[in-house]
Protein chains: 2
Amino acid sequence: MAKHQTDLDHVFLALGDPTRRAILERLAAGPLSVTELARPFAMALPSFMEHLKKLENAGMISSDKDGRVRTCALVPGAFAPARDWLAAQKHLWEARLDRFDAFVTQLAKDPNE
Amino acid sequence: MAKHQTDLDHVFLALGDPTRRAILERLAAGPLSVTELARPFAMALPSFMEHLKKLENAGMISSDKDGRVRTCALVPGAFAPARDWLAAQKHLWEARLDRFDAFVTQLAKDPNE
DNA sequence: GGAATAGTTAGGGATATGGCTAAACATCAA
DNA sequence: TTGATGTTTAGCCATATCCCTAACTATTCC
């Protein structure tokens, strides 16, 4: 299996689970403790913690323990790698459309070629 | 495990693998047959086909068989679900920053509150 | 101190993922 | 019609994922 997972892999894989996306959505409103974060989810805490671990591993959330309470927060720029890759992809696609357009224009100008 | 995978799940999970991202990058330049698509990858064809199947399943590529050749193409708007979710997330985050800003401004105006 | 609260560790189970080889089709070309 | 070409099917293996319960540790509060 994939031995060298890049940041991008981790980020996209982290986003590929509805629980984790919901966690991120919740954290967008502000930091929360693990228990508060977990409250809406019908899931045992250890399972929930695994999701947090993956998000932290992907660099998308940070967490800090104070006393017995661990507080989680969204990392600014958490989505940048994903957005950047998608933007690059969009450019590739548009470049291709431009080439196609140029090709069609050329054809119209010079139908016998 | 997740029984009801949404489109978003499929799209993000599809993007979470470097082989599949490379396939998409390659297809951005134009449609290709399976064998041509596969050429740069050091992987047995059946393994490669699994990746194609996942991309098609996620609605990101389409394919058509003519004779013995299957040609794959990027689906226009393949990335829309991913980009939309990320954009929504960005708005949430900015709304939160705005609230924080308003709070700080209020504090500065009325320090005793 | 003793009880409640917040997380963590350990271990297990079902299914999914990402890879392989070998063999089967299907079609085109000579 | 025979052989080469382009997939496709079948079946297997190792590891990862996502979920669970039970038991443990560390704090805080009365």
Side-chain angles (χ1 to χ4, degrees), chain A residues 1-24 26-27 30-73, chain B residues 1-24 26-27 30-73:
Chain A
M1 235 233 172
K3 281 146 195 163
H4 304 302
Q5 305 223 114
T6 66
D7 288 2
L8 251 191
D9 289 329
H10 284 112
V11 168
F12 278 130
L13 291 175
L15 292 175
D17 179 282
T19 299
R20 288 192 291 265
R21 284 197 306 278
I23 290 171
L24 294 171
R26 240 162 113 59
L27 285 180
L32 288 171
S33 73
V34 169
T35 311
E36 278 188 73
L37 238 193
R39 202 191 317 283
F41 299 94
M43 188 181 296
L45 245 203
S47 313
F48 187 77
M49 295 287 296
E50 280 302 308
H51 288 297
L52 293 183
K53 203 182 288 178
K54 279 189 190 166
L55 286 169
E56 193 155 12
N57 207 260
M60 310 190 79
I61 69 171
S62 61
S63 75
D64 218 352
K65 196 161 179 180
D66 182 24
R68 62 188 163 173
V69 175
R70 178 176 296 282
T71 300
C72 301
Chain B
M1 232 235 173
K3 281 144 196 163
H4 304 303
Q5 305 222 115
T6 67
D7 288 2
L8 252 191
D9 289 329
H10 284 112
V11 169
F12 279 129
L13 290 175
L15 292 175
D17 180 284
T19 299
R20 288 192 292 265
R21 284 197 308 277
I23 290 172
L24 294 171
R26 222 136 177 274
L27 285 179
L32 289 172
S33 74
V34 169
T35 311
E36 279 189 72
L37 238 194
R39 200 188 323 280
F41 299 94
M43 189 182 295
L45 246 202
S47 314
F48 187 76
M49 296 287 295
E50 280 303 307
H51 288 297
L52 293 182
K53 201 180 290 177
K54 278 187 192 169
L55 286 168
E56 193 155 13
N57 206 260
M60 310 190 79
I61 71 172
S62 62
S63 76
D64 218 353
K65 195 161 180 179
D66 181 24
R68 62 189 161 169
V69 174
R70 178 175 295 281
T71 301
C72 301

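Hydrogens, waters and symmetry mates play no part in the numbers below; they use all other heavy atoms, side chains included. These numbers were taken from a predicted model, which means no experiment stands behind them.
Residue B:Arg20 places its side chain closer to C:dG18 than to any other of C:dC20, D:dC20, C:dG18. Which of D:dA22, C:dT21, D:dT8 sits closest to the side chain of B:Leu45 comes down to D:dT8. Checking D:dC20, C:dG18, D:dC18 against the side-chain heavy atoms of B:His51 singles out C:dG18 as nearest. Taking only side-chain atoms of B:Ser33, from C-beta outward, the nucleotide of D:dT7, C:dT17, D:dC20 with the closest atom is D:dT7.
As rounded to whole Å, 13 Å separates atom C1' of C:dT17 from atom CG of A:Asp9. Going from atom CG of B:Leu37 over to atom P of D:dG6 covers 14 Å, rounded to whole Å. Across the protein-nucleic acid pair, A:Asp17 atom CG and D:dA16 atom C1' stand 13 Å apart, rounded to whole Å. Rounded to whole Å, the distance from CD on B:Glu36 to C1' on D:dT5 is 13 Å. The CG-P distance, from A:Asp64 to C:dA6, rounds to 18 Å in whole Å. To the nearest angstrom, C1' of C:dA6 lies 15 Å from CG of A:Leu32. Look at CZ on A:Arg21: it is 11 Å from P on D:dC18, rounded to the nearest Å. When the P atom of D:dA26 is taken as reference, atom CZ of A:Arg70 falls 14 Å away, rounded to whole Å.
Under 4.0 angstrom from either OP1 or OP2 of D:dC18 there lies no side-chain N or O belonging to A:Ser47. Residue B:Lys54 has a polar side-chain atom (N or O) positioned under 4.0 Å from OP1 or OP2 of C:dG18. Neither OP1 nor OP2 of D:dA4 sits under 4.0 Å from any side-chain N or O of B:Arg68. Contact check, B:Thr35 against D:dT7: a side-chain N or O comes under 4.0 Å of OP1 or OP2.
In terms of position along DNA chain D, the nucleotide closest to B:Lys65 lies nearer the 5' end than the nucleotide closest to the other residue of the pair B:Lys65 and A:Thr19. Remark on DNA chain C: of its neighbouring residues A:Leu13 and A:Lys53, the 5'-side contact belongs to A:Lys53, judged by nearest-heavy-atom nucleotide. Heavy-atom nearest nucleotides on DNA chain D were determined for A:Glu50 and for B:Val69, and the one closer to the 5' end corresponds to B:Val69.
Taking the charged nitrogens against the carboxylate oxygens, A:Lys54 and A:Asp17 have no contact shorter than 4.0 Å, which rules out a salt bridge. B:Glu50 and B:Lys53 are joined by a salt bridge, as a carboxylate oxygen and a charged side-chain nitrogen come within less than 4.0 angstrom of each other.
None of B:Val69, B:Thr71, B:Leu52 except one satisfies the side-chain contact (heavy atoms from CB on, under 4.5 Å) rule with B:Val34; the exception is B:Leu52.
Side chains of A:Leu13 and B:Phe12 form no contact here, defined as non-hydrogen atoms less than 4.5 Å apart.
Here A:Leu27 contributes atom CG and A:Leu55 contributes atom CG; the two are 8.0 Å apart, rounded to the nearest 0.5 Å.
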